[in-house]
Chemist: 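Dumping the structure here so I can ask a few things about it.
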Amino acid sequence: MKILKDNNNLIIEDVKSFNIMQILECGQCFRFYKIGELDYLIIAHNRVLRVEQKDNQVILYNTSMEDFEKIWSNYLDIHTDYNSIKETLLTKDSNLIESINVKEGIRILKQDTWETLISFIISQNKQITHIKQVIENLSKEYGTIIGEHNGVDYYSFPTPEQLAGTTDEALRNCKTGFRAPYILDTSQKVASGEIDINELKKASTSEAREKLISIKGVGNKIADCVLLYGLGRTEVFPTDVWIKRIVEHMYLKEESKLDKIQEFAATHFGELAGYAQQYLFYYGRENKIGK
DNA sequence: GACCAGGGTAACT
DNA sequence: AGTTACCATGGT
């Protein structure tokens, strides 16, 4: 892999295990817009980034080398060796061959902790398209303009302070529904420092999980999503209805409770459970495994 | 119109 | 400790 500069754009050449469509549409993130084939706008870290993929080239438009080193290489998880991860997973479990082959270009984005916390609170009992819609509503209402593309403005994800000052009714107007009090409460606790995002980053996985679950509206599944997508804890195995069905169908052969599925993932996939979850979720959901 | 969606809480046994 | 109704909202 090497990085080339082309006017205001950066080109990543010969990057393996990278498919921008799979990375964005595997269900881990919500703020992106498809503008063409393998061509997307990503809203992250208070920036608008256009990423287009052509053959073995990934083009990052209007980006400096400095931003790449500081933000995007980390966000896109560029320096993680996914070939090695996939090989190790396959030696642990050859049943993964199909999902890994089909979804070979997944990478787990390193997303902002605060944004994943609110996003996955919104996600409960909602479909992915609705989640995206509600997050866009919130960003337009409470965020700030951070960029433009083809005459359309794009907004940052609101800060804790921006959300802490609103009301339950205003949040419901953004179609948050019964999640509105959860969002408001969480925002006020983060804004006041009662919940410290930086402490979560330093805490052990189990300590961080415990703190996350203490937030009203955050249970096991949402806490694990924040741990995996927003805190880089790649050993956790978020277990939603889909992953539950998939694991039951592919491995356990019977209805199983959450703790049994967690135990299975930990012993079966070990430290790589988060990656395995991502391949299984995206492939299994698309093919309705177990449904 | 019932049923379900990348669940969680509170009020029940 | 283990179930169950309910929570907004939009799509099928």
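Atoms considered below: every heavy atom in the structure, side chains included; atoms not considered: hydrogens, waters and symmetry mates. Note on naming: letters A, B, ... go to the chains in the order of the sequence lines (proteins, then strands), and numbering restarts at 1 for each one.
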Chemist: Kindly check if the number of other-residue, nucleotide or ligand heavy atoms within 6.0 Å of NZ (A:Lys54) is above 12?
Modeler: no

Chemist: Regarding A:Asp112 and A:Tyr75, do their side chains bring together a donor and an acceptor under 3.5 Å, going by distance alone?
Modeler: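 The criterion, which ignores hydrogens and geometry beyond distance, is not satisfied for A:Tyr75 and A:Asp112.
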
Chemist: Is the shortest side-chain N/O distance from A:Arg172 to OP1 or OP2 of C:dA8 below 4.0 Å?
Modeler: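 For C:dA8, OP1/OP2 do have a side-chain N/O of A:Arg172 under 4.0 Å.
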
Chemist: Does a side chain donor of either A:Asp81 or A:Asn83 reach within less than 3.5 Å of an acceptor in the other side chain?
Modeler: no

Chemist: Report the base-pairing partner of C:dA5 (Watson-Crick or G-U wobble, both distances below 3.5 angstrom), or none.
Modeler: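 C:dA5 is paired, partner B:dT9.
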
Chemist: Following the transitive rule for hydrophobic clusters with a side-chain heavy-atom cut-off under 4.5 Å over Ile, Leu, Val, Met, Phe, Trp and Tyr, establish whether A:Ile131 and A:Leu41 coincide in one cluster.
Modeler: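 No: no chain of side-chain contacts under 4.5 Å links A:Ile131 to A:Leu41.
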
Chemist: Just the endpoints, please: which first and last nucleotides of DNA chain B, 5' to 3', lie under 4.0 Å from a heavy atom of chain A?
Modeler: B:dA5 to B:dA10

Chemist: How long is the line joining OH of A:Tyr182 and P of C:dT9, in whole Å?
Modeler: 14 Å

Chemist: Regarding A:Tyr282 and A:Gln22, is there a side-chain donor-to-acceptor distance under 3.5 Å anywhere?
Modeler: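 On atom types as modelled, these side chains do not qualify, holding no pair under 3.5 Å.
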
Chemist: In whole angstrom, what separates A:Ile122's CD1 from C:dC7's C1'?
Modeler: 16 Å

Chemist: Rounded to whole Å, how long is the line connecting atom CD1 of A:Ile131 with atom P of C:dG11?
Modeler: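 So the CD1-P distance, A:Ile131 to C:dG11, works out to 14 Å.
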
Chemist: Just checking A:Tyr279 against A:Tyr82, ring centres under 6.0 Å apart?
Modeler: no

Chemist: With a non-hydrogen cut-off below 4.0 angstrom, is A:Lys244 in contact with a base, only sugar-phosphate, or nothing?
Modeler: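 A:Lys244: no heavy atom of the nucleic acid under 4.0 Å.
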
Chemist: Strictly by modelled atom types, are A:Glu235 and A:Tyr275 linked by a side-chain donor-acceptor pair under 3.5 Å?
Modeler: no

Chemist: On a whole-Å scale, what distance lies between the C1' atoms belonging to C:dG2 and B:dG6?
Modeler: 24 Å

Chemist: Rounded to whole Å, please give me the gap between CG in A:Asn137 and C1' in C:dT9.
Modeler: 12 Å

Chemist: Categorize A:Cys29 for me: base, sugar-phosphate, or nothing, with a 4.0 angstrom heavy-atom threshold over every strand shown.
Modeler: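 Nothing: the residue A:Cys29, judged by heavy atoms under 4.0 Å, touches no strand.
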
Chemist: Tell me which residues in residues 209-234 of chain A put a heavy atom below 4.0 Å from DNA chain C, sorted by number, or none.
Modeler: none

Chemist: Once the angle between the rings of A:Phe264 and A:His268 is folded into 0 to 90°, is it parallel (under 30°), tilted (30 to 60°) or perpendicular (over 60°)?
Modeler: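 If you compare the ring of A:Phe264 with that of A:His268, the planes turn out parallel.
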
Chemist: Using purine N1 to pyrimidine N3 plus N6-O4 or O6-N4 for Watson-Crick, or N1-O2 and O6-N3 for G-U wobble, each under 3.5 Å, what pairs with C:dT12?
Modeler: B:dA2

Chemist: Where the side chain of A:Gln127 is concerned, which of C:dT9, C:dG11, C:dC7 is the nearest nucleotide?
Modeler: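 That would be C:dG11.
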
Chemist: Tell me if the centroids of the rings in A:Phe120 and A:Tyr229 come within less than 6.0 Å of each other.
Modeler: yes

Chemist: For DNA chain C, whose closest nucleotide is more 5', that of A:Asn125 or that of A:Thr129?
Modeler: A:Asn125

Chemist: Taking the same atom, P, in B:dA10 and in C:dA8, what whole-Å distance lies between them?
Modeler: 14 Å

Chemist: Heavy atoms under 4.0 Å, any strand shown: does A:Phe120 hit a base, just sugar-phosphate, or nothing?
Modeler: nothing

